[in-house]
Amino acid sequence: MSLAFLALALVCVVTASAAMISRNLIHSALLLVLTWIGLAGLYLWAGADFVGFSQAIVYVGGVSMVVLFAVLLTRRQRDEPLVLIPEAGVGRVVAGLAATFWVAALLVPAMVVAPLVQRAGPGPTLTVKRIGELLAGPHLVAVLVVGVILTVSLIGALYLAAPVTAEDQPEWDNGGTGRDRGNQEEPS
Amino acid sequence: MTGDYGALGRALLPEGVLVATALVVILCDLVWGRGRGRESRVQASVLLGLLGLVAACVILWQEGVLGEVGSGALNLDFLAVAVRVGVVVLSGFSLLTLVGGNTRSQPAEYVALLLFATVGFLQMAAAQTLLLAFLGLELASLSLYVLAGYDRTRPESAEAALKYYLQGGVSAAVLLFGFSLLYGLTGSIGFREISLVLVSNPPGALGAVAVGMVLVAFGYKVAVAPFHLWAPDVYQGAPTSSAALIASASKLAGVALFWRLLWSGLGPTSGGVNLSSSGPGGWVLVVAVMAAASLLLGNLVALAQRNLRRLLAYSAIGHAGGLALGLLAAGEVGPGPLFYYAATYGLATVGIFGCIALTERETSCATLEDLAGLWRRSPLVAACLAVFVLSLAGIPPLAGFFGKFVVFAAALRIDGLGHPAGWVALLAIVMSMVSLYYYLIVLKQAWLVVPPTPPRRMAVPLVASLALVAAAAGLVVLGVFPSILLGLF
Amino acid sequence: MSPLHLCLLLSTVLFCIGLAAVLVRTSAILVLLGVELMLNAANLNFIAFWRYGPGGDDTGVIFVLFSIAVAAAEAAVGLALVIALHRHRRTIALKAANQLRG
Amino acid sequence: MTLSASLLWLIPATPLAASVFGLFAPRTARTLPIAGALLGLVAALGLSVAALAGALVDPAVRATSDFAWFTFGAQTLRLGWLLDPLAGFMCVLVTLIGLLVALFSTAYLRHDPRIGRFFGFLSLFVAAMLGLLVTNSLLLLFICWELVGLASYLLIGFWYERPAAAAAAKKAFITTRIGDLGFLIGLVWLHQATGSALFHDGGAGALDAPTLARLSSTLLPGGWAVSTAIGLLLFVGAAGKSGQFPLHVWLPDAMEGPTPVSALIHAATMVAAGVFLMARVFPLMAADQGLATVPFHALTGVAVIGAVTALLGAVLAVAQNDIKRVLAYSTVSQLGYMMLAIGVGSWVAAVFHLITHAFFKALLFLGAGSVIDATHHEQDLRRLGGLAGRMRVTFATFALGTGALMGLPFVFSGFWSKEAILHAAEGWTVSHLPFAAGLVGVVLTAFYMTRLVLEVFFGKARGEGAAHAEESPGLMRGPLVVLAVAAVGLGWLGLPNWPWLQTRLQGGDWPVHGLGEGFGLMVVSTALVLLGIGAGWWWYGRVKRTDARALDPLARSWPAVHAALAGRLWLDELYAATVGRAFAMLARVAAFFDRWVWGGAVEAAGRTAETVGQVNRAVDEDGLNAGFDNTSEHLRGSGRRYAKAQTGDAQSYLRVVAIGLAVVGVLLLWGGVR
């Protein structure tokens, strides 16, 4: 058991917890970037170099940027003192933590007692060339599907995030929010 | 390895056609549609999309059963082909609801996303590794999130999409975690290899957690209680044709995927179909509980609904219980009854959404009261609606009755009442009686109630009416001659 | 406790932290980040099992590569949806999205 | 000319074609659907007669013709047609009465703008009933059974503008669905136990002797035979359709439909289906008779319910003021007699009575329709009167029908069929209570029918409608005369010493008992009829009613009894208080569990008190005076309570997912994923 692992694990847990507790959205996002870096470090430590670099590039370089964009775009006013998250009510916090507790109570013992076979000695190595062969061979279908997924997310995200234009208005207005009706209880 | 590429190319041809069509639709709209009226752009996009779907359907039919391709990643067995044809047909009907419906902006992107979602369904129908199952699920889900939130003018649409997304995202994360555990337990991601390892090595507590996580995702995808909560909100808030797609094709593909995953992958953990030897246990028991909860909850809550779409959603939750029951029974009698139930259910649902889409062109179609006098506005739509609703209610000789019959009979055939599935089947029979009450309320509104203001006749586009009649006729024909579908298996 | 068990424990802890964020935080963006954390935890499992597990093949690593891509796509769509919500309700508090009910 | 079994499907197919034609014909064409329906019925009648002729060539032989409906894997589901004298007689009965009712309706509904649709539904109704009769498969029988229910729903609710009609249609549909539930469960069970959906299949069918031996020898926990349980479940279905206690509540309300529909429902189609089903599956019902160890025989249950219904219907008919309601309760009572006959083992007597009853009850209903039509829709006995002179044909035929229903001796058909039933009941070894109930019912029947005739046709007209009534047109009188002839003459087909009908139905010898053997019983029953007539005359004949508002003579004598009877013994209210309450409690208990799982422990704690409060309130508030619809309202209320769990808050949904994951995981661990 290496010290490096413990250190990285500590970084991940601490930053992730802090990110999830912080009341400032920007702080949370930045702390989470640290978590991602920590995870990338763990991958490197385990010998999965390529995955580690991918994690760093995609998350630290990509996802975090998208998050920051979203944070900035959803500020109410330009001069708003950075996005403070409203307090969750006590009930919500307690109910949410209770639910999490039950899941943890299920998962943690199962993980700890699992009788797993472990490989002795040094871990496997995986070269980039081998990854390339795998992607072009047995996992070719998956590569194609991921391509489509990325296309979908590109089209979808651009469409959804774009501002509403005049073209969006329906030609026939049938009372817009009409679908809200019928939720109310009938008088009984 | 290179020899495999040819077979793979053939197997993926339908997907390729759909992706190409999607891109062509967008391009065409950019080039040809510039400056044209919205109606013609919608028609052009739908027409192109439909062409793509028809082509895909023909190719699927022509190719038939190809067996395993892509190094065992996909298994194009008989069920896969049947489900693939089924989802393409249901996607086609969902697309057609766009013609009659209250048209929205940027139809080309909408059609393209619908086609991408169909590609996802096609993957789900054939996936035989955890990786492709996950990717197919995600492709379909991501497209559906966007489709659900496609109406940018209505806050309900955004809200529905966000709720759908959040529960979907959590379910996907849970599923991925479960998959990682399965990989760890068996050292493999192929369903068959997993099954082989699980037979010889009991998976223990970690396996229970992994199976539970898979069941969470199953519950989400098919809207089985208690993972159904997104459904009413999404049915209500999403654009009509998106809701139709979510309710029909997505469900059929989900059922097929989880049938394969649970039986041919996790079969050894099912606790056995024939429990008489070992006593109840495994996921069969849990799915039975979920099915019972769904049946009770969906049908009872549907009784209280005044909103048509929410009523449909809760009835869908009830039917999801039936699908879960069919999933159990599939271990004994094969996936035939399950497929029949899911396909005919999807057809009836997509038909009802078609009727809603046509109705809300001119007036709002939200509450049950909005249906009042439908038979005066359009006898054709009202008649088709009656067929769809009665099929859902399980009135013979429509396909819905037969779907229920084969599933219940199959569930009882496992071991009569000696098996939990038998009891759930009994409950399902009782609940199908309860469901009749609210289905009749829908029909009463459409057929008997006279609206306060004299209704105008509504204009029904020819294509839309043809589609409705085709769906209704399909339900009648499949109900009278069920061997058309069942005989295949 | 063996390294594999420690890795699993770490991933479980991360999974639960993510879940807690999803269930407790009011900001839709933070909820999305919680989901991302849960996905990351699953990825960590794959790597751990690849490194220490019984299997001989490399599919675990490949799986992680794909899931990273998918997670990124999911994040993009999710954040776009949050922006869409914000457009209507002028807030990203999840509580604002409760018009559909019953 | 005879009709082979393979062509039996033509019999239901002709009215079905007519109904499709009638429903899709343009609304302006009024005569086309009528002509189509009449033509279809005439053709079906001809085919039925041919089929019957074929069946009578050798009554002991059952002709079946089966076909594979679909094949699924190694399994093939076969359906088929079955021709025996039972099916033949019933087909002729249904088509003949259907035809007469249709003829009557052409005149009765001459002013209705939707007469085309009416005839479409009517044809569908008859077609479904015919399909039910000629099938060789319980599954196909069930499908037709459901179609009969659907068509009756459409016909009872034909005048949907009237809220009472809509409510009655709903009530009929829902009540019979409760029965259908039993039927469906029994059907699925039978299918699962025998692996065959066919009745007769060369030894492998569900009603063939080897299968029955297997079913009756398989025992359930508690010593019950499987055949007993399945038989009782099927009887629940038959009880729903045939208006047996306690599922009879829909039948009187079904009067809201047009009167010809009532005639059809009460005579030949809907209610006959239940009796027919029992006759058809009689071998199954009787399979446990030979077993001494079985704690309960299926037929015993049938006999008891039949006796209760026979008595109850007659009692309730006494104090009704609506002419159609009196007749409706009388139908309930007569159906009770039929079930009683089946219960005591004489299904042949039941079918005999079914046939005679079909004719005279159709006659009585059409006669009532004639009165109602002539008096401009006056149905209240108290506002009628003195019609004997003005409507001679109607009166004469109605009187003949009354004689048949009472069972006036020797001349009328009802006498002979009722005698057959009472004779069978007398010989039942298990108990004599059903026999006694049958005898009491005879008195009551004579009493209420005497009252009906005296109030409607004698005395002086007490309302506007009755004062200016004129005889109905020829198209209405014609069917009445035909039915009257049958009501008198049909009984001669099944005399005790010349049981032609019985031997044909049985397919073998029927024990002939000469007039001498049954003579004592006949004397007793004749005396009872005379007693009933005398009592009726005592109360309603001596002093004629002169004012519509005058108190009922019976109410003057015994006010408490009359009030109880007029309130239909508060059975509807009892249902609301028991069934409705039970559903509500169930729903609340379910809602409680639901919340507990959904909201997690924290939310549940706060809401337990609330749930307890709700249960409390329900017990307090829901008094005994709620109506039938409360049952469904309770169900909806529980749904509404569930729906509140859907708070709209996305995070509460996600919490449910998390809790659900934990619960599923625990369930899996507990169940033991091996």
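To find a chain, count down the sequence lines: A is the first, B the second, and so on, and within it residues start at 1.
With rounding to the nearest 0.5 angstrom, the CD atom of D/Glu146 is 8.0 Å from the CG atom of B/Leu436. Going from atom CG of B/Leu215 over to atom CG of D/Leu668 covers 6.0 Å, rounded to the nearest 0.5 Å. Atom-to-atom distance recorded for D/Trp189:CH2 and B/Leu426:CG is 9.5 Å, nearest 0.5 angstrom. D/Leu654 contributes atom CG, which lies 9.0 Å from atom CG of B/Leu229 (distance to the nearest 0.5 angstrom). With rounding to the nearest 0.5 angstrom, the CG atom of D/Leu187 is 5.5 Å from the CZ atom of B/Phe405.
Interface check for chain D: of the options B/Gly212, B/Pro482, B/Ala383, B/Ala293, the most heavy-atom pairs under 4.5 Å are formed by B/Pro482. Considering only heavy-atom pairs separated by less than 4.5 Å from chain B, the leading option among D/Leu184, D/Leu147, D/Val664 is D/Val664.
Remark: D/Gln651 pairs with A/Arg92 by the side chain to side chain donor-acceptor pair (under 3.5 Å) rule, at least two apart or across chains. For B/Lys163, the side chain to side chain donor-acceptor pair (under 3.5 Å) test picks out B/Glu159, B/Asp233, with sequence neighbours left out.
Considering all non-hydrogen atoms of both residues, D/Ala650 and B/Leu166 come closest at CB-CD1, 4.2 Å. Of all the heavy atoms in D/Val656 and B/Pro226, the pair that sits closest is CG1-O, 3.2 Å. Minimum heavy-atom separation, B/Val430 to D/Leu181: CA-CD1, 3.7 Å.
Interface residue B/Ile395: only side-chain heavy atoms are found under 4.5 Å from chain D. Looking at B/Phe402, the atoms closer than 4.5 Å to chain D (heavy atoms on both sides) all sit in the side chain, from C-beta outward. Within the 4.5 angstrom heavy-atom criterion, no atom of B/Leu162 approaches chain D.
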Do B/Tyr220 and D/Val657 pass the side-chain contact (heavy atoms from CB on, under 4.5 Å) test, and can you show the C-alpha distance, the side-chain angles, and the key distance before you say yes or no?
CA-CA 9 Å; B/Tyr220 160 75; D/Val657 173; over 6 Å; no
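Counting heavy atoms from C-beta on, the side chains of D/Phe142 and B/Phe401 come closer than 4.5 Å.
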